[in-house]
Amino acid sequence: MGEPGVEGPVWLPSLPPSLGEFLAPNLQPIPLIPALTLLAAVLYLAGAISLWGQGRHWSPVRTASFLFGCLAIIVVMGAGIEGYGLRMFSIFMFQQLTLMMAVPPLLVIGSPGTLLLRATPHNLLGRPVLKFALWGLRSRAGRLAIHPAFMVPLFLLSFYGVYFSGLADLLLPNWYGHVGLELLFLAAGILFTVPLISADPLPSRQTHFGRLLDIFAEMPLHAFFGVVIMMATAPMVKFFAAPPESWEVDPMQDQGLAGGLAWSYGELPGVLLLMFILVRWQRDEAKGWVKSERKAAVVGDPDLDAYNEYLRQLANRPERQR
């Protein structure tokens, strides 16, 4: 189970990297993240089935989105790719980008918070869960966790702070540090995504303009990180500087590939989030206009009525006063 330089219960691959080996069902001895993800998927599906069984509506699209996000985590963290992520910078970067950029939107679109509030029974077993969920919605900690002043720096820290401070070399050589970083990446991605696109009840909700500012603040810094990695002339992470010789992997080329992934694969989800925000903004504006028109048709528009009354007064004045 281990190899010099890697401490703890880890499985390390011996064959050269290939797509077949990446997707091979080679679980780690303690598949913590895949197990937690599977539990989340089962609980989510149980909640959805409970609502459907009661004849209550729950979106199949949201269900599919959440389950697909869970499946992505299980594959990226549970298959052979996890072992190769302990040896190659590019593979670890792919895992990080998947956890931070690709998976969180899928999970957030699934609206697990709304499902929790709607499907949890109000009995002895469900009451503590509901109380904890409501506490999170009303607490200062909840507001702080999704505030831009916290979640944007946390998101950027997961890139710049981890690799430029030496934290990666400190944590990656053992199982606890490796899994801890993966959990950090997933948490940072979720906290960044929730205030941007979540339809769940939130402790506080940003304006559409504020969401645009957040995504625009992240995208160029994220791309710059990838460019820095690609242009580096020395290994950024010493832990990845010596892959097995039999694999014939050049660590500098592998590092350049990691930077390219951070620049390309990392930017695509950001662009999709930007489009999602713009579409939702336009839709909400359209709904606002429709509501305003309906209200005006029923009770009238005070400003328009006042202007029309002014025009009538002008029309009724004697000709000499004009």
Side-chain angles (χ1 to χ4, degrees), residues 34-75 98-99 101-139 142-143 145-146 186-187 189-208 210-212 215 269 272-295 297-298:
L36 292 176
T37 304
L38 181 60
L39 176 61
V42 169
L43 292 175
Y44 186 100
L45 190 58
I49 292 174
S50 174
L51 291 182
W52 294 331
Q54 300 172 28
R56 301 165 64 186
H57 173 74
W58 183 253
S59 170
V61 174
R62 293 189 181 278
T63 303
S65 178
F66 188 88
L67 294 180
F68 188 75
C70 291
L71 178 62
I73 296 176
I74 292 173
V75 171
T98 301
L99 289 175
M101 304 296 296
V103 166
L106 294 172
L107 299 180
V108 172
I109 290 174
S111 296
T114 301
L115 179 62
L116 174 69
L117 294 175
R118 293 184 60 187
T120 302
H122 294 248
N123 55 22
L124 295 178
L125 294 178
R127 193 170 299 157
V129 176
L130 291 173
K131 285 185 176 180
F132 181 78
L134 293 175
W135 172 85
L137 289 173
R138 298 167 180 169
S139 67
R143 289 194 295 271
I146 62 173
L186 181 60
I190 291 175
L191 291 178
F192 180 79
T193 306
V194 162
L196 296 180
I197 64 173
S198 177
D200 284 333
L202 298 177
S204 60
R205 194 170 292 277
Q206 287 182 272
T207 64
H208 292 293
R211 296 169 189 173
L212 286 180
I215 196 71
L272 295 177
L273 282 176
L274 177 61
M275 295 174 61
F276 189 97
I277 293 170
L278 291 174
V279 169
R280 177 174 285 181
W281 192 350
Q282 188 276 335
R283 185 188 63 186
D284 291 347
E285 289 289 332
K287 286 183 178 180
W289 278 107
V290 170
K291 290 181 180 179
S292 177
E293 291 294 329
R294 288 176 178 175
K295 182 178 178 181
V298 175

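Residues Ile146 and Pro203 have side chains in contact (heavy-atom distance under 4.5 Å, counting atoms from C-beta outward). A heavy-atom distance below 4.5 Å is not found between the side chains of Leu130 and Pro121. Between Phe66 and Pro112 the shortest side-chain heavy-atom distance falls below 4.5 Å. Contact check for Leu278 versus Leu212: side-chain heavy atoms found under the 4.5 Å cut-off.
Among residues two or more places apart in sequence or in another chain, the ring-ring contact (aromatic ring centres under 6.0 Å, His included) test is passed with Phe276 by none. In this structure, the side chain to side chain contact (heavy atoms under 4.5 Å, CB included) partners of Ala133, at least two apart in sequence or on a different chain, are Leu116, Leu117. Remark: Trp135 pairs with Phe132 by the ring-ring contact (aromatic ring centres under 6.0 Å, His included) rule, at least two apart or across chains.
Arg211 contributes no side-chain N or O that, together with a main-chain N or O of Ile197, makes up a donor-acceptor pair within less than 3.5 Å. Judged by distance alone, with hydrogens and angles left aside, the side-chain atoms of Ser111 form no donor-acceptor pair with the main-chain N or O of Thr114 at under 3.5 Å. No donor-acceptor pair under 3.5 Å is formed between the side chain of Trp58 and the backbone N or O of Trp52. Side-chain atoms of Tyr44 never come within 3.5 Å of backbone atoms of Cys70 as a donor-acceptor pair (strictly under, hydrogens ignored). Not a single donor-acceptor pair under 3.5 Å links the side chain of Arg205 to the backbone N or O of Pro195.
Here the shortest heavy-atom pairing between Ser50 and Ala119 reads OG-O, 4.5 Å. Taking all atoms of both residues into account, the shortest heavy-atom contact from His57 to Ser59 is NE2-N, 3.8 Å. Scanning both residues, Pro269 and Ala102, for their nearest heavy atoms gives CG-N, 4.4 Å. Here the shortest heavy-atom pairing between Ile277 and Leu196 reads CG1-O, 4.0 Å.
Atom CG in Leu43 sits 9.5 Å away from atom CG in Leu38 (nearest 0.5 Å). In this structure, CG on Leu186 lies 10.0 Å from CG on Leu36, to the nearest 0.5 angstrom.
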(request) Give the C-alpha distance, both sets of side-chain angles, the deciding distance and a yes or no for side-chain contact (heavy atoms from CB on, under 4.5 Å) between Leu71 and Leu67. (result) CA-CA 6 Å; Leu71 178 62; Leu67 294 180; over 6 Å; no

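Only one option out of Ile190, Thr37, Val108, Ile73 pairs with Val103 in a side-chain contact (heavy atoms from CB on, under 4.5 Å); it is Ile73.
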